[in-house]
Amino acid sequence: MLDLRFVRENPGKVVEALEKRNYDISVFDDFLKNEENRKKMSEAVENGHMRLNEISEKIGVMRKQGQDISLLLSDAKSLSDTIKVQEASLNEYKEKVRNTLLLIPNIPHETVPVGRDETENVEIRRWGDPPIFDFSPLNHWDIAEMLGIIDFERASKIAGARFALMKGAGARLERALMNFMLDLNTSKGYTEVFPPILVNRESMTGTGQLPKFDAELFRIADPEFYLIPTAEVPVTNIHRDEILEEAALPLYYTAYTPCFRREAGSYGKDTRGLIRQHQFNKVELVKFVKPEDSYDELEKLTMDAEDILKRLGLPYRVIALCTGDLGFSAAKTYDLEVWLPGQQRYREISSCSNFEDFQARRANIRFKRDGKKGTELVHTLNGSGLAIGRTVVAILENYQQKDGTVVIPAALRPYMGAERIV
RNA sequence: GGAGGGGUGGCCGAGUGGUCGAUGGCGGCGGUCUUGAAAACCGCAGGGCGAAAGUCCCGUGGGUUCGAAUCCUACCCCCUCCGCCA
């Protein structure tokens with residue numbers, strides 16, 4: 001959510017941002033209309049309250065003195081009734097303002113390349129060379145099937161399409177990656193947390209998934225809970241409605257969680273294999289920082305995610321998302337894309353974003369500067385470090401051997417208890 | 001699931017219809033004193049909106065009333081006991 005005052009005072013910037021993102025600017029017009037009405041009605045209600053408070057106080061005093069208060073009582077009664085009607089309409093306007101404001105996306109940072117869609121994203125750097133095979137490299141699902149470590153058919157029987165049953169070394173690889181990533185992240189000062197995986201509506205709204213993206217979420221009806229699509233949701237909401245001490249910042253968290261996504265509208269995309277699942281594991285990095293530090297922190301966070309790929313020896317590139325491809329809540333995002341020999345292309349394995357104060361405002365996460373009055377919103381950031389399912393894919397495909405076995409990257413061997421999957 | 005008890009400012013804890021945004025204590029900040037510290041004493045401090053006047057905020061939403069932290073109601077959360085359960 002953007003700042004109400006900012007939106008009101010900088011309509012040009014908001015419209016420009018909407019246009020850069022290929023959004024319909026009518027959401028902004030709706031907002032303006034509602035906000036105007038709200039403000040007018042708010043003034044009327046406040047004035048009413050002021051007068052009513054004065055009368056009520058007088059009634060209290062006069063009653064104590066035993067004076068006649070019947071005239072004042074009837075005045076107060078009618079004023080009170082008027083206010084109630086005005087309040088009802090004020091609440092409607094407030095609701096509308098909030099609803100329209102919640103639908104306006106974040107303003108892209110000035111360093112974000114302007115572009116229409118993902119084809120205009122900008123490559124920032126590459127690391128590692130795609131492996132050269134003296135045979136035709138296989139897809140991960142073929143490798144996994146030959147090794148007997150992933151069973152898609154039975155997963156489909158148990159749950160349905162877009163689920164996987166990991167077995168033996170496959171299950172172990174999943175667990176090894178989780179531990180490897182958490183250990184590496186905590187060694188860099190991230191605090192490990194294991195949060196709730198079902199969350200309430202307020203948390204989903206706090207990080208921006210709701211109200212706009214409910215089609216992507218799994219929901220439990222009674223009692224109402226949402227399954228998290230990413231650990232970003234519960235971890236960012238750790239500090240919802242809190243005022244943090246300046247000295248406590250920056251706060252770094254890392255969390256392993258399963259993630260659940262409907263993948264509505266992705267029919268026919270990545271239907272085979274582990275790339276796109278309804279349930280997948282991910283280790284996430286989340287930061288709460290002071291506003292002036294957030295862009296440095298984004299660079300550092302991205303490098304922390306890259307470090308995982310480097311240690312696993314997986315070739316990747318870093319992409320700056322252009323304005324047209326930027327997520328709703330993000331001001332700037334780097335995607336990490338790992339090389340997949342089975343597809344002969346780079347695929348997203350991590351997404352690192354600075355949300356500036358967009359989430360903090362929704363979730364009401366503030367901090368107090370030492371010796372200063374008042375509070376400020378923190379900046380929040382997060383990034384995958386990393387998506388585990390896709391890391392499994394990358395390892396299987398990049399480390400596959402001619403004989404059908406898969407070599408385990410050296411850094412992972414202590415966790416895997418093996419040098420190779422046979 | 002059954003029975004009971006609670007949610008008040010950073011924390012503890014008063015307040016049961018009328019200057020209560022809220023007594024008091026702890027913690028915090030600034031002084032006095034001290035070589036320094038502690039103790040003692042004095043003083044300052046909640047948040048949102050608004051240019052300001054002002055207005056709103058005592059778990060949340062409704063309601064009663066001229067007026068609600070205080071009364072009614074629904075819901076949420078926490079605690080204790082019983083049952084059940086990993």
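Naming convention: chains lettered A, B, ... in sequence-line order (proteins, then strands); numbering from 1 in each chain.
- Nucleotides B:rG9 and B:rG28, compared at atom C1', are 14 Å apart to the nearest Å.
- For the pair A:N47 CG and B:rC49 P, the interatomic distance rounds to 19 Å; values are reported in whole Å.
- Using cut-offs of 30° and 60° on the angle between ring planes, the pair A:F180 and A:Y415 is perpendicular.
- The distance between atom NZ of A:K84 and atom C1' of B:rC66, rounded to the nearest whole Å, is 10 Å.
- Nucleotide B:rU19 holds its C1' atom 13 Å from the CD atom of A:E54, rounded to whole Å.
- Closest to the A:M50 side chain, of the nucleotides B:rG18, B:rU55, B:rG50, is B:rU55.
- Here the P atom of nucleotide B:rC56 and the CE atom of A:M41 are 17 Å apart, to the nearest Å.
- Nucleotides B:rG10 and B:rU23 place their P atoms 14 Å apart, quoted to the nearest Å.
- Considering only side-chain N and O atoms, A:N53 lies under 4.0 angstrom from the phosphate OP1 or OP2 of B:rU55.
- Under 4.0 angstrom from either OP1 or OP2 of B:rC56 there lies at least one side-chain N or O belonging to A:H49.
- Under the Watson-Crick and G-U wobble criteria, each requiring two contacts below 3.5 Å, nucleotide B:rG10 is paired to B:rC26.
- A:E46 contributes a side-chain N or O that forms a donor-acceptor pair with the base of B:rG54 under 3.5 Å.
- When each of A:E43 and A:L52 is assigned the nucleotide of RNA chain B bearing its nearest heavy atom, the one mapping closer to the 5' terminus is A:E43.
- Regarding A:R63, its CZ atom lies at a distance of 15 Å from the C1' atom of B:rU19, rounded to whole Å.
- Atom-to-atom, CG of A:L79 to C1' of B:rG67 comes out at 12 Å; the value is rounded to the nearest Å.
- If you take CD1 of A:I365 and P of B:rG47, they are 19 Å apart, rounded to a whole angstrom.
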Ring pair (Phe, Tyr, Trp, His ring centres under 6.0 Å), that's the test. Do A:F280 and A:F260 meet it? Break it down for me.
CA-CA 7 Å; A:F280 62 97; A:F260 303 90; 8.4 Å; no
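- Closest to the side chain of A:A76, from the set B:rC56, B:rC66, B:rG47, is B:rC66.
- If you check every strand for non-hydrogen atoms under 4.0 Å, A:I55 touches nothing.
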Report the C-alpha distance between A:E397 and A:Q400 in whole Å, list the side-chain angles of each, state the deciding distance to 0.1 Å, and finish with yes or no for side chain to side chain contact (heavy atoms under 4.5 Å, CB included).
CA-CA 5 Å; A:E397 294 194 5; A:Q400 60 182 302; 4.2 Å; yes
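- Separating the CD1 atom of A:I83 from the P atom of B:rA68 is a distance of 11 Å, rounded to the nearest angstrom.
- Around atom CZ of A:R420, more than 12 heavy atoms belonging to other residues, nucleotides or ligands sit under 6.0 Å away.
- Applying the 4.0 Å criterion to OP1 and OP2 of B:rG10, one finds that A:R366 has every side-chain N and O outside that range.
- Between A:H239 and A:Y253, the angle of the ring planes lies from 30° to 60°, which puts this pair in the tilted group.
- With both pairing distances under 3.5 Å, B:rU32 is matched to B:rA40 as a Watson-Crick or G-U wobble pair.
- Counting only N and O atoms by type, the side chains of A:D335 and A:S351 include a donor and acceptor under 3.5 Å apart.
- With a 3.5 Å ceiling on both atom-pair distances, B:rG67 lacks any Watson-Crick or G-U wobble partner.
- Phosphate proximity of B:rG67 to A:S80: present, with a side-chain N or O under 4.0 Å from OP1 or OP2.
- Looking at heavy-atom distances under 4.0 Å, A:R361 makes no contact with the nucleic acid at all.
- Pairing for B:rG1 is with B:rC82, a Watson-Crick or G-U wobble pair whose two hydrogen-bonding atom distances lie under 3.5 Å.
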